Novice: 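Here you go, one structure.
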Amino acid sequence: MMAWTPNWTRLTSAAELALDRTLTCGQSFTWTRLPSGIWYNTLRLPGHAVPVLLRTHNDEVQFRSFGSPRSQAQFQQPVPKTPLPPTQYLVAPSRDPAAVVAPSHDPVYLLLHDYFQLSYSLPALYLDWSTRDPSHFAHVSPLVPGIRLLRQPPVETLFAFICSANNNIARITGMVQALAMRYGECVYPGGLLDIGGEEQALPPMYVFPSMDRLVQSADEIEGVLRGLGFGYRAKYIAATVKTLGGLGGEAWLVGLRGKGYAEVRDALVQLQGVGRKVADCVALMSLDQPGAIPVDTHVWQIATRDYKFKPSTKSKSLTPTTYDEVVKLFQTLFGPEAGWAHSVRSIACFFIITRCAAFSLTREHRSCSRPTWRATLATRNPNPRLPQLRQDPQPLPISQVNPRLFQNQRPHQRRHQRENARPQQQRRRQFG
DNA sequence: CAGGTC
DNA sequence: TCTGG
């Protein structure tokens, strides 16, 4: 097993990219963190998947990749240049053109440069958003530096966020990885890898399945995914596979890059299991719509509590009208990259809330708009009974993902269990 | 009840 | 409404 990028190579500075925060904040579900702090994933080059390792070392983010000799030969072929994001960044005087990294000829570098959108200078963005929102963003963003919005592959982003409805990050991660293990190609069998003189144990790596592979399995996919515990999302995924396949598959989806926001959204919401919120997630994180703002219940709370948002209608919940109004609010505030800004802002708020929980603070302390939480946190001791916030939250290793996800349980079996209406205790023990 | 959708 | 914490 020869190394492709033989040494750890500089990708960017740690200030430009906080790996742990960026990869665990709920935008991508395909990265896994090893105990050593190294992140791994399989990323797709045109017609090809490559295992990639990332780490933060000596104040910089570094990458390396590896592959079989055969895949190395394929790397030798010219790789099309990945397009830079359509942004005013490189021409606007307020942005920092010096942050643009000189292009390299390493295809993996180009891939990562594109994936992490390194054409954007993150400190310049944070500064801009802090100026636009001095009373909120400026206060909380220093808590969560280095959060980059990823430019992800559209197909896996679409299916990941169909899974995200009424769900949590840990479970979504398990589902996406289950999809990769069930239908994706294995690009690394697992085993010890020599990394700079040290042996690193790596699990098997699977790439997220191609659209063609999913279409091929369209008829069985609902039953299989229900058996894997996907719930009602199994039906959405199967239906979207068929619809998207008919529309032109991955090429059609990727073709939405470069179109206007309204067209992208309208195209996405015709897919089953894709409402406005999911459509905005996919648009923002994979289809070059940095202004798209996914409004969930969490964002709704931020808007009403911290920004004193008052909906025009009396509706207490999130209607299409109020959704649009919240979007308008943040777009006006943050400008063209409002979706990115709002993501950072939400993650900061989540950080504070988590801290508040660990410190047994009441709801009134949680307001991210006031600097009061800062002083309050400083004077309190954490409640030892509540879980501490981990510095580096680790996603589940692939080997430890809920074993139930990998049982080949038939859907009828599950329905039968429900009809028997056993007491909770007994049902739980079955899977223990 | 959770970071919705039909 | 699936499912899990």
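Predicted model only: the values in this text are computed from it and were never measured. Each chain gets a letter, A, B and so on, in the order its sequence line appears, and its residues count up from 1.
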Novice: Answer yes or no: side-chain N or O of A:Tyr232 and base N or O of B:dG4 forming a donor-acceptor pair under 3.5 Å.
Specialist: yes
Novice: Within the 4.0 Å heavy-atom criterion, would you say A:Asn166 contacts the bases, only the backbone, or no part of the nucleic acid?
Specialist: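 Answer is base: heavy atoms of A:Asn166 come under 4.0 Å of a base.
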Novice: Determine, for A:Glu325 against A:Lys310, whether the closest basic-nitrogen to carboxylate-oxygen distance falls under 4.0 angstrom.
Specialist: no
Novice: Can you tell whether the side chains of A:Lys242 and A:Glu222 come within less than 4.0 Å, N to carboxylate O?
Specialist: no
Novice: Starting from the 5' end of DNA chain C, give me the residue, A:Ala165 or A:Asn168, whose nearest nucleotide shows up first.
Specialist: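 On the 5' side of the pair lies A:Ala165.
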Novice: Taking atom C1' of C:dG4 as reference, at what distance in whole Å does atom CZ of A:Arg233 sit?
Specialist: 10 Å
Novice: Between A:Asp324 and A:Lys328, does any NZ, NE, NH1 or NH2 come within less than 4.0 Å of an OD or OE carboxylate oxygen?
Specialist: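 Salt bridge absent between A:Lys328 and A:Asp324.
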Novice: In this structure, how many angstroms lie between the P atom of B:dA2 and the CZ atom of A:Phe350, rounded?
Specialist: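 A:Phe350 atom CZ is separated from B:dA2 atom P by 13 Å.
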Novice: Report the distance from atom CD1 of A:Ile172 to atom P of C:dT3, rounded to the nearest whole Å.
Specialist: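 Roughly 16 Å, once rounded to whole Å.
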Novice: Between A:Ser346 and B:dG3, is there a contact of a side-chain N or O with OP1 or OP2 at under 4.0 Å?
Specialist: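 Indeed not, no polar side-chain atom of A:Ser346 lies that close.
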Novice: Judged by each residue's nearest nucleotide on DNA chain B, which is more toward the 5′ side, A:Ile169 or A:Val269?
Specialist: A:Ile169
Novice: Just how far, in rounded Å, is P of B:dT5 from CZ of A:Phe161?
Specialist: 12 Å
Novice: Return the value, rounded to whole Å, for the distance between atom CE of A:Met175 and atom C1' of B:dG4.
Specialist: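 Atom CE in A:Met175 sits about 13 Å away from atom C1' in B:dG4.
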Novice: Please give, in whole Å, the distance from B:dG3 P to A:Ile302 CD1?
Specialist: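 Whole-Å distance recorded here is 12 Å.
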Novice: Heavy atom of residues 271-286 of chain A under 4.0 Å from DNA chain B: which residues?
Specialist: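 Nucleic-acid contacts, sorted: A:Leu271, A:Gln272, A:Gly273, A:Val274, A:Gly275, A:Arg276, A:Lys277, A:Val278.
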Novice: I need the CG-P distance between A:Asn167 and C:dG5, as an integer number of Å.
Specialist: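 Spelled out: CG on A:Asn167 to P on C:dG5 is 11 Å.
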Novice: For the pair A:Arg151 and A:Asp114, find out whether any cationic side-chain nitrogen is under 4.0 Å from an anionic carboxylate oxygen.
Specialist: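 Salt bridge present between A:Arg151 and A:Asp114.
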Novice: Contact class for A:Cys25 (heavy atom, under 4.0 Å): base, sugar-phosphate, or nothing?
Specialist: base
Novice: Please determine, for the side chain of A:Arg171, which listed nucleotide (C:dG4, B:dG3, B:dG4) has the closest atom?
Specialist: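 Between C:dG4, B:dG3, B:dG4, the one nearest the side chain of A:Arg171 would be C:dG4.
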Novice: If the condition is side chain to side chain contact (heavy atoms under 4.5 Å, CB included), which residues does A:Glu60 pass it with, not counting sequence neighbours?
Specialist: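 By the side chain to side chain contact (heavy atoms under 4.5 Å, CB included) rule, A:Glu60 matches A:Arg10, A:Gln62.
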Novice: With sequence neighbours left out, write down each residue that passes ring pair (Phe, Tyr, Trp, His ring centres under 6.0 Å) with A:Tyr261, or none if nothing qualifies.
Specialist: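 Listed in chain order: nothing, the list is empty.
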Novice: Report yes if the side chains of A:Leu268 and A:Leu253 come closer than 4.5 Å at any heavy-atom pair, otherwise no.
Specialist: yes
Novice: Both distances below 3.5 Å, Watson-Crick or wobble geometry, any strand: find the nucleotide opposite C:dC2.
Specialist: none
Novice: Could you tell me the separation between the NZ atom of A:Lys235 and the P atom of C:dT3, rounded to a whole number of Å?
Specialist: 13 Å
